[in-house]
Participant: 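Handing you this structure, nothing more for now.
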2 protein chains.
Amino acid sequence: MRSLSDLIEQYLREQLKKVETLEIQRRELARMFRCVPSQINYVLETRFTINHGFLVQSRRGGGGFIRITRLNWEPGEEFSEILEELLEIGVSQEEAELILKRLIQTAVLEYEEAVLLNQVLQDVLINEAERNGLGGEEQNQLRARVLRALLLFVSGRAHAR
Amino acid sequence: MRSLSDLIEQYLREQLKKVETLEIQRRELARMFRCVPSQINYVLETRFTINHGFLVQSRRGGGGFIRITRLNWEPGEEFSEILEELLEIGVSQEEAELILKRLIQTAVLEYEEAVLLNQVLQDVLINEAERNGLGGEEQNQLRARVLRALLLFVSGRAHAR
DNA sequence: GAAACTAAGGTCAGGAAAGGTCAAGAAGAG
DNA sequence: CTCTTCTTGACCTTTCCTGACCTTAGTTTC
């Protein structure tokens, strides 16, 4: 017999087949499944993580909501693997900006956050490149490492918001 | 269901797509959305800050208004290269004030504008330093970035005049 | 020209409406 | 029986909205 968590997961996945981004109210969903609200958190934490290919964001207070976004990574590929890939191939400044733009479009980042991240990225690169005289390829490697760190940070923070 | 604040934000952003500077009356806007005037302040304070890329000014009394300016973060031309240098070295509070003074002397800025920019600069620093516990060097870096953004905005506007 | 009036916008604290966290017990799996 | 997963409830934090009261800037009156 399937658990309640399984049923909730199934329901949410069903919805997420139709749309890329789903906005729900924790209260509402809990009422639908006649469970305690924190049960919803449990489902999200165990079944809709970044490694499952989802991004969960939320807002408290009046009119609060939980937003689940289905990330369109290649099937089977995990977020962390994508980041590892970045490391191997390196990231040019243009590619980095493309990645950030995409993250804005998918509402992972606010515009001003992306601007700030990009600036941080450039700062680090300028500093390091000058100090250690990095070649183009080495710069791309460094950029990949920094971008990866930033994105891991952002994805970790996403659920808390 | 979206909150009233979201709707007001949406409306203002819509308007600000068409124009760079928007002048509204708090009363009027509050009447449109059938809310208390201070609700407007709440929206401005939480969604139209410097970090969101907006500058909000206002005047009280008869014929009072609220002016929202969309900051142009797009990098400019040569002027920006000078500003990029700021990024590398960081800017202390004293240096920032010196820079602003020089800009007044060279008639790039009005005195009141410089005072305003300085205030904005300090606001941002106080906020960020408190929230993230920045060290002295990090503060200088952040100050450089913010000052750069502010000056880019001002210089962009100067061209328009 | 100063005082009183009027017409704005600003501040702040409190309550309500969400969602988050955590620990403990229950239920399943092996 | 033991280990993991699930479920619940008490308590916490954040966000939103309102209303009472304050400040500022024109306008009118004397």
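Order of the sequence lines sets the chain letters (A, B, ...), proteins ahead of strands, with each chain counted from 1. Side-chain atoms are counted along with the backbone in the values below, which use heavy atoms only and exclude waters and symmetry mates. Predicted model only: the values in this text are computed from it and were never measured.
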Participant: Between B:Arg47 and B:Arg13, is there a side-chain heavy-atom distance shorter than 4.5 Å?
Facilitator: no
Participant: When the distance from CD of B:Glu45 to P of C:dG9 is rounded to whole Å, what number comes out?
Facilitator: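 Between P of C:dG9 and CD of B:Glu45: 14 Å.
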Participant: Would B:Ile66 and B:Leu22 show up in the same hydrophobic cluster when neighbours are defined by side-chain heavy atoms closer than 4.5 Å?
Facilitator: yes
Participant: Rounded to whole Å, how long is the line connecting atom CD of A:Gln57 with atom C1' of C:dG20?
Facilitator: 16 Å
Participant: Atom CZ of B:Arg26 and atom C1' of D:dA25: how far apart are they, to the nearest Å?
Facilitator: 15 Å
Participant: What integer distance in Å separates B:Gln25:CD from D:dG26:P?
Facilitator: 13 Å
Participant: B:Phe65 CZ to D:dG26 C1': how many Å, rounded?
Facilitator: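 In whole Å, D:dG26 C1' lies 13 Å from B:Phe65 CZ.
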Participant: Would you mind reading off the distance between A:Leu29 atom CG and C:dG20 atom P, rounded to a whole angstrom?
Facilitator: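 A:Leu29 atom CG is separated from C:dG20 atom P by 12 Å.
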Participant: Please collect all ring pair (Phe, Tyr, Trp, His ring centres under 6.0 Å) contacts where either partner lies in residues 11-36 of chain A, sequence neighbours excluded, each pair once.
Facilitator: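 As it turns out, the ring pair (Phe, Tyr, Trp, His ring centres under 6.0 Å) pairs with a partner in residues 11-36 of chain A, which skip direct neighbours, are A:Tyr11-A:Phe33.
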Participant: Decide, yes or no, whether a salt bridge links B:Glu20 with B:Arg70 under the criterion of side-chain N to carboxylate O below 4.0 Å.
Facilitator: no
Participant: Quick one: B:Asn41 CG to C:dA8 P, roughly how many Å, whole number?
Facilitator: 15 Å
Participant: Check nucleotides 16-19 of chain D against the protein and report each pair of N or O atoms closer than 3.5 Å, with its distance, or say if there are none.
Facilitator:
unit_1 : atom_1 : unit_2  : atom_2 : d
D:dC16 : OP1    : A:Arg59 : NE     : 3.4
D:dC16 : OP1    : A:Arg59 : NH2    : 3.3
D:dC16 : OP1    : B:Arg47 : NH2    : 2.8
D:dC16 : OP2    : B:Tyr42 : OH     : 2.5
D:dC16 : OP2    : B:Arg47 : NH1    : 3.3
D:dC16 : O5'    : B:Tyr42 : OH     : 3.3
D:dC17 : OP1    : B:Leu4  : N      : 2.8
D:dC17 : OP2    : B:Ser5  : N      : 2.9
D:dC17 : OP2    : B:Ser5  : OG     : 2.6
D:dC17 : OP2    : B:Gln39 : NE2    : 2.9
D:dG19 : O6     : B:Ser38 : OG     : 2.7

Participant: Return the value, rounded to whole Å, for the distance between atom CG of A:Leu44 and atom C1' of C:dG19.
Facilitator: 11 Å
Participant: Once you apply a heavy-atom cut-off of 4.0 Å, does A:Arg27 come out as touching a base, just sugar-phosphate, or nothing?
Facilitator: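 Touches sugar-phosphate only.
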Participant: According to the salt bridge (Lys or Arg N to Asp or Glu O under 4.0 Å) rule, which pairs have a member within residues 58-67 of chain B, sequence neighbours left out?
Facilitator: B:Glu23-B:Arg67
Participant: Linking I/L/V/M/F/W/Y whenever their side-chain heavy atoms sit closer than 4.5 Å, directly or via other members, would B:Phe48 and B:Leu7 fall into one cluster?
Facilitator: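 In one cluster: yes.
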